[in-house]
Amino acid sequence: MLLGVNIDHIAVLREARKIAEPDPLDALGICKRAGADQITIHLREDRRHIQDKDAQNIIELSALPVNLECAISPEMIKIACELKPHRVTLVPEKREEVTTEGGLYIQGEQVQLKEAIKSLQAHEIEVSLFIDLSLDAIRASIALGVEWIEFHTGHYANIYAMLYSNLSKTHHSIPELELCRTDLKKMLKEELCKLRLLSCEAMEQGLRVAAGHGLTMQNVKDIVEIETIEELNIGQSIVARAIYVGLEQSIHDIKTQMIR
Ligand code: PXP
């Protein structure tokens, strides 16, 4: 199973001080040595972590393929076409969000998406759509002619966290908090089942399937068992563990969890 390491989180630390370190560029060699298959970066419209120069340098210098996540705005598509990463993953973006909270609303953005995908593919960039777990989103992705979809696993990760981790560590208000463990276990099982069925459907329809958001050393195991998912993009948990065990070890450990 392929691993894309999302190195935005290194730039988050740098931007907290607006200085030069840590430089996400320094992570490229480490990611490759540790067994990563892809570098993933998100150039946000508000440039809160990865900057234009980072994206340019990373795409130019990475020995691994680069997956650039960006919004569908004309500005971002123009930058992506100029930078020519291996893949562009189109994501929804809201300025007020802490992180990408859900998948694209494809039905509501058909025209803009069509234009964006056409431009990117004309520049020989493969395109992925970050989507929620829905059959409609898969059908719309097929109609748009993209090569990849990436399922948003945030909901799965939240349920897992409610069930198994120390809730006091999370800062989000989780409405399902009051649910008992049995209900949470059922929800988790249903979410995994949905992911399995939809991944299979997408693959049978000719799409390549990735997944990501909120995946960790602990919660990744059940996702790995879904054979129709080819790739996972993981950032926050890898960089968080890197503080204690080092980046190379952290990537190596999660990649080991991903062996089928
Ligand atoms: N995939 C996509 C499309 C994302 O937007 C993100 C978050 O930046 C990730 C994967 C990685 O999520 P996380 O940092 O929670 O592992």
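Whatever order the structure lists them in is the order used to number ligands and atoms, beginning at 1. Heads up: numbering here begins at 1 and tracks the sequence.
- Within a 6.0 Å sphere centred on CZ of R17, heavy atoms belonging to other residues, nucleotides or ligands number 12 at most.
- Checked against N233 for a side-chain hydrogen bond (donor to acceptor under 3.5 Å, both in side chains), the options H42, H213, Q38 give a single hit: Q38.
- Protein residues with a heavy atom closer than 4.0 Å to ligand 1 are N6, H9, E69, V91, T100, F130, E150, H213, G214, N233, I234, G235, Q236, listed by chain and number.
- Between V88 and C70 the shortest heavy-atom distance is CG1-SG, 3.9 Å.
- Across E231, E150, E69, E124, a single residue satisfies salt bridge (Lys or Arg N to Asp or Glu O under 4.0 Å) together with R87, and that is E231.
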Between I125 and Q121, is the side chain to side chain contact (heavy atoms under 4.5 Å, CB included) condition met? List the steps.
CA-CA 5 Å; I125 300 166; Q121 289 177 336; over 6 Å; no

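- Once rounded to the nearest 0.5 Å, the distance linking CD1 of I77 with CD1 of I79 reads 9.5 Å.
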